[in-house]
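The structure under discussion appears below in the form of structure tokens.
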Amino acid sequence: SGAVSLVKDRPTRADFVHGRGSSVQRLLQTELTNAFFYKERVNIHYVPTSSGQGRASLRAFECHFAGSESILDMSDPEFIRRGMQMLPLFAVGVAVLYNLHEVDDLVLSRSAVNKLFLGDIVSWDHAEIVQHNPHIASLLPQPREMVLRVVRRTKSGTTTAL
């Protein structure tokens, strides 16, 4: 959860500062840029793309800052050379949704969530799920119900939260 800044020098009042990145941060970035403009009269333009695209744009010198939920490797020589800093500005929670008939209190460990999204757990009767939810074994339909994963295909910083 954070934003990475590349702005080394204080922009002049005529400058535009460009940012790209996390779409989940769009509303926060709008509020922050409006407040900054009101106080400093510096125009900031933020384009919500994705965390991955924002980080790539920052690395390619296409923007001054990027919003991302991913923590960057600040030991990267390019980041050090360019004087980049990571500023924690934003926190977000991730909800995992499921649809199992008559199951409204599923408990998933972090390990199980990771395995579900990686495709390592493919059915709801997997031992790691039943271990934390012994009551669901009798509720699951037979033959065993397979997990249908619905995931985002583009790069997302939210993935690192899992």
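Closest of all the heavy-atom pairs between E128 and H132 is O-CD2, 3.3 Å. Nearest heavy atom pair, residue Q25 against residue G67, reads OE1-CA, 3.6 Å. In plain terms, the two heavy atoms of G54 and C63 that are nearest each other are O-SG, 4.2 Å.
Hydrophobic clustering (side-chain heavy atoms under 4.5 Å, transitive across Ile, Leu, Val, Met, Phe, Trp, Tyr) keeps V130 apart from V147. Hydrophobic clustering (side-chain heavy atoms under 4.5 Å, transitive across Ile, Leu, Val, Met, Phe, Trp, Tyr) keeps W124 apart from V107. Hydrophobic clustering (side-chain heavy atoms under 4.5 Å, transitive across Ile, Leu, Val, Met, Phe, Trp, Tyr) keeps V47 apart from V24. Note on V122 and I129: separate hydrophobic clusters, where clusters join Ile, Leu, Val, Met, Phe, Trp and Tyr whose side-chain heavy atoms are under 4.5 Å apart, directly or indirectly.
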Before giving the answer on side-chain contact (heavy atoms from CB on, under 4.5 Å), spell out for L148 and N99 the whole-Å C-alpha distance, their side-chain angles and the decisive distance to 0.1 Å. CA-CA 10 Å; L148 173 63; N99 183 11; over 6 Å; no
side-chain contact (heavy atoms from CB on, under 4.5 Å) evaluation trace for F65 with I44: CA-CA 10 Å; F65 71 97; I44 300 175; 3.8 Å; yes
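How far CG of L118 is from OG of S111: 9.5 Å, rounded to the nearest 0.5 Å. For the atom pair CZ (R110) and NZ (K115), the distance works out to 13.5 Å, reported to the nearest 0.5 Å. Here the straight-line distance linking atom CG of L116 with atom OH of Y98 works out to 12.5 Å at 0.5 Å rounding. The line from CZ of R26 to OG1 of T49 is 13.0 Å long, rounded to the nearest 0.5 Å. Within the model, atoms OH of Y46 and CG of L32 stand 10.5 Å from one another, a figure rounded to the nearest 0.5 Å. Distance CD1/I136 to CG/D105: 9.0 Å, rounded to 0.5 Å.
Proximity of S51 to S22: side-chain heavy atoms (C-beta onward) are separated by under 4.5 Å at one or more points. Two residues are said to be in side-chain contact when any heavy atoms from C-beta on lie closer than 4.5 Å; L58 and M84 meet this criterion. Residues Q29 and P48 have side chains not in contact (no heavy-atom distance under 4.5 Å, counting atoms from C-beta outward).
Judged by distance alone, with hydrogens and angles left aside, the side-chain atoms of R149 form a donor-acceptor pair with the main-chain N or O of F117 at under 3.5 Å. At least one donor-acceptor pair under 3.5 Å links the side chain of H64 to the backbone N or O of H18.
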